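When a ligand or atom number is given, it counts from 1 through the structure's own listing order. By convention here, the first residue in the shown sequence is residue 1. All values derive from a computational prediction rather than experimental measurement.
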Amino acid sequence: MASVRRTQLGLRAPGRTVSQGAMASAGPSRGTKAPQRAVSASDVPRRSDASMRVLLRVRGTAAAGESVLATHGTRGTDVDVLGDVPSSSRGAARSRTYGYDCVLSAEADQNMVYSEAMQGVLEDVLLGYNCTVFAYGQTGTGKTHTMEGDLSEYMETFAPDAGVIPRTLYRLFHVLETRGDDYGVKVSLVELYNEELRDLLSDDVSSAPLRMYDDARGRGVVLQGLEEVPLTSAAHGLRLLREGSQRRHVASTKCNQQSSRSHCVFTLTVHVKESGVRGEELMRTGKLNLVDLAGSESIGRSGAEHQRAREAGLINQSLLTLGRVIHALVEGSTHIPYRESRLTRLLQDSLGGRAKTCMIATVSDDRLNLEETLSTLDYALRAKSIKNRPEANQRMTRAALLKEYVGEIDRLRSDLSATRTQTGVYVSEANWARMEAEQASLCKQLDEQRRANEVATSRLASMQEQLEQNTRVLAKREADAARAEAEQAARLHELEQALCHAATLSTTLQEETRLHHAHAASERKLDQVAHELRQLAEQATDDVHGLFAKLERRAKADAQARAALTTLADELRETHEAVAASAAVQVPEALSQLVDHVSRELWALQQVLDDRLAAAARAGDDSGTALRDEVAHAMSEYEARLLHAHAEACAAWQTAQEAHVGEVAALLAASERMTQSVDAHLSKLHGQASTLLAHAQSSSARVRAQSREHAEAWAQQQQALRGGAESMRAAMLAAMDAFVQQQVQAMQQHEQAAHDTFRAAKPADTQALCASHRTAWEAAHADLSSVSNELSDACVALHASAQDLAPRADAHDQHFAHEMEAAAAQWRATTGPLWERHSSVEAVAQSAQGAADEVRTTLAALDLRAEASAVLEAATHVQDASGEAAERLQRLQGLLGPLAPMPEATGETPRRRTWSMPVWDVVPSDRTEALAWWEQAADRTPLRERRPVENRPLIATPHK
Ligand SMILES: Nc1ncnc2c1ncn2[C@@H]1O[C@H](COP(=O)(O)OP(=O)(O)OP(=O)(O)O)[C@@H](O)[C@H]1O
């Protein structure tokens, strides 16, 4: 850096006479001896035709949808006129589509206009060309806005809404600084008001209008007395422009509050020093004219009167002449009417001359202005066809420059002396005066040039000294800049981290939202489960009622059976008692009668026998013995008959008894079976009732336990969720505050440091750094704001969601508890009577069991076989009693039929059914599991997988 030596050559203009148009082109004067020039191959000016570049800028003043112009994108090349297109004032048909080098829509900003208009222009100026950019258009369409815009300074650079001129100033100085050339920049500002030229940079406001005359060397026109101010920086140039603009003639019209009433030319002359092939010092000079024309206006519509109307007339006049010049150039006329107005004289070199020219045509898209808009479109289209012959200015040595001035003075002197000695030409008094003035001016210029030279030499030395100082400052500043950049990088890193954290927070927020949704889904599910449980309970209650009805029917049947059994037992007892009584009475009676009868028979027989034997004995007859034998025989026959009859009776009685016993046994077996079936039925019923009760109890207990568990889990989750959301919100707010605080502090420090550095440094050198810092600051600020906005949005959303969740969770808790309580009450109401019924059924079963046992005991006690064997001998009598007993048994058997009648099928008994309990898959209490549950339930990609966050979050997840 230290080896680069730059010098500001922008000293005050040596003379106050400036050639306009070719703008002090350093070319040789015609007819005079060419001054010494540097000669090199590259010095030969290039000559080639170049069309004038034409840009169109549309100002959007029409209401939405009512624009008469349609552009194609912000930056296109065509514009379409919508609706009917009236023909031109000359009756020529007009096009509906116009094509230009660039068409900027109403959305295009100042920067876009600048970059399109100045494309390659500064480079050309630095190569030694004269360039002109001028704005043309109807009043109020934004010419001044385009060329000047906002002229204030903003953070040591141009304002965001600055126009072409401020941006050009800053860009020019930036390029010159960056290239490291020795350069000098001068500026002039002139207005053409009512056909009079005024120097807007002159402090003397009452000074006479500037005189304009053709340069004696054929280099356009010369504005006598115009001040060219050397610029030290872009800010300096901007300040001069601001001051000059304030002196410009403006007035309020109906079309524009701040209507420019004059044409204004801002000229930058740039000298760049370079070395010739032989190492000599050469000056390359380029000029840039930035022209803001006054707007064409319809006097009727602008409401101009008196002074304003005169101004408008002259403005329109000069613009008409400009139009004619353009027309003549396009048509290739031999005569171009440059001299018809001062404006066209001023712009002569830019219109078909050696300069490179760009026109910015401004139009409004309002239908009210259609006629003026079409006129401007036609005007601009014609101007597009103008061909210039750009030619770079010759490079000249400083000495050649001086020599040129001296030669000019000598020439004038000799003219003067020739005139004085009457050997020269005669000049008129007016011309004499003019020439004298010119000579005086040239002398003065020469003198000033000499003095300036001296000043420049001493200033050069001091500047060299200053340069060294500046180089040191620059080195220091570069170090500062590097430090600032490092700090900025650190800030950016922090910002990235913050963005990462914001992303993490956003993920966490999304997770919270998902959890919230999961809980809401759970809530719905639980509602549904409670509803299903209630339905189930109601169904179970109905079934239990049905079962009770069946039990009642069964109990009735059992009561009937019990009554039949009791009757049977009574009948049996009666039969037994009757048989026993009959056996006890009739059998001994029959036996005693039998014994009596046999005894009597035997006694009678004994009597007969004894009589016979006695007779026989008395008769001495042996026939007694025969009789005795006969009697004995008869008796033994009788006995045998008797025994046989007895045996037969016994056998018959035995058979009858056995039949009776078999029937009784069958009866017993039947009643045994019936008792067993009643027992089995009762025990089955008992088992069923117990199972039902146990099932009811266990399911009720399970439901209650599960409900309690889920209610507790739910409450815990709600608590955790609420706590988590609160703490996350607090953490986010704290982190956000800390981050914002930190960023603001860092920015302030950074800004302070940059400020200090910039203040210590050369203003022109700081521009780039300032701009870059500003951009970085703005970007960082924008990032910060967006992060901050995102975080606050996230916080607000989280808070809102937490707020929203809390009352819903409470309501759900209450609702769920209420539902569970109702379900439990329902179960209790269902199982209570069931239990009571079960107890009563058990009591009934027990009493039935007792009755059955009693019958069994009674039957066991009824040992008819023993009784029967005891009465074997009283067969005849017992036969009657047995017959009677058989009849009674017959009757008992008749009773056995309805003993155990099965209840009639009513079709009301509930069928066996499969109970399906609702599924209780609710959100688990663990956060990770809950998220996995939600993702699995909806087959979603896990959030963490979708957007992996590299950095560990600063703010811990509150649920962990
Ligand atoms: N593209 C634009 N965007 C925003 N405002 C604009 C635009 N063009 C012009 N304006 C505004 O419109 C008003 C008139 O613009 P300006 O003075 O530049 O018009 P003008 O063509 O120079 O008019 P005149 O010929 O009467 O001087 C100003 O307030 C200006 O800020």
Side-chain angles (χ1 to χ4, degrees), residues 55-64 67 69 71 74-75 79 102-117 133-152 158-167 191-194 200 241-242 244-266 290-304 307-320 322 343 359-366 368-369 372-373 375-377 379-380:
L55 264 70
L56 184 77
R57 184 181 196 185
V58 179
R59 183 180 171 201
T61 47
S67 171
L69 297 178
T71 51
T74 317
R75 207 189 306 228
V79 61
C102 180
V103 174
L104 294 154
S105 75
E107 292 78 36
D109 64 3
Q110 295 284 66
N111 185 48
M112 256 187 213
V113 179
Y114 165 78
S115 53
E116 281 300 329
V133 176
F134 72 94
Y136 173 92
Q138 183 198 351
T139 181
T141 50
K143 296 180 292 299
T144 311
H145 179 71
T146 299
M147 296 309 289
E148 293 182 357
D150 186 351
L151 294 181
S152 57
F158 53 81
D161 216 18
V164 170
I165 302 179
R167 287 170 193 269
E191 79 165 345
L192 179 57
Y193 172 68
N194 282 352
L200 292 178
L241 174 62
R242 218 165 29 234
S245 288
Q246 279 162 9
R247 293 181 188 128
R248 193 177 169 187
H249 282 87
V250 288
S252 171
T253 69
K254 276 189 193 164
C255 300
N256 187 357
Q257 281 281 318
Q258 285 269 311
S259 176
S260 310
R261 314 309 288 167
S262 64
H263 308 297
C264 183
V265 184
F266 180 86
L290 300 165
V291 185
D292 174 20
L293 295 179
S296 58
E297 73 183 52
S298 148
I299 294 175
R301 282 188 45 209
S302 70
Q307 166 86 345
R308 297 286 91 88
R310 203 163 48 253
E311 283 166 359
L314 285 168
I315 291 168
N316 288 343
Q317 185 60 43
S318 59
L319 293 174
L320 274 176
L322 180 63
L343 175 65
M359 172 183 185
I360 305 173
T362 57
V363 287
S364 144
D365 66 350
D366 203 326
L368 278 179
N369 300 322
E372 285 89 343
T373 298
S375 157
T376 306
L377 291 175
Y379 209 102

Review point. If we ignore angles and hydrogens, is there a donor and acceptor under 3.5 Å between the side chains of Gln258 and Thr144?
Key: no

Exercise for review: Give me the one residue out of Thr362, Ile360, Val265, Leu319 that meets side chain to side chain contact (heavy atoms under 4.5 Å, CB included) with Leu293.
Suggested key: Leu319

Practice item. Identify, with sequence neighbours excluded, every residue that meets side chain to side chain contact (heavy atoms under 4.5 Å, CB included) alongside Thr74. Key: Ser105, Glu107, Ala108, Met112

Revision key, fill the gap. Those residues with a heavy-atom separation under 4.0 Å from ligand 1 are Arg57, Arg59, Gln138, Thr139, Gly140, Thr141, Gly142, Lys143, Thr144, His145, Asn256, Gln258, Ser259, Ser260, Gly295

**Study point:** Set of residues satisfying ring pair (Phe, Tyr, Trp, His ring centres under 6.0 Å) with respect to Tyr114, sequence neighbours excluded
**Key:** none

Exercise for review: Could you pull out all residues at least two apart from Tyr136 that satisfy ring pair (Phe, Tyr, Trp, His ring centres under 6.0 Å)?
Suggested key: Tyr379

Revision key, fill the gap. Between Glu191 and the options His263, His249, Arg248, the side-chain hydrogen bond (donor to acceptor under 3.5 Å, both in side chains) test singles out His249

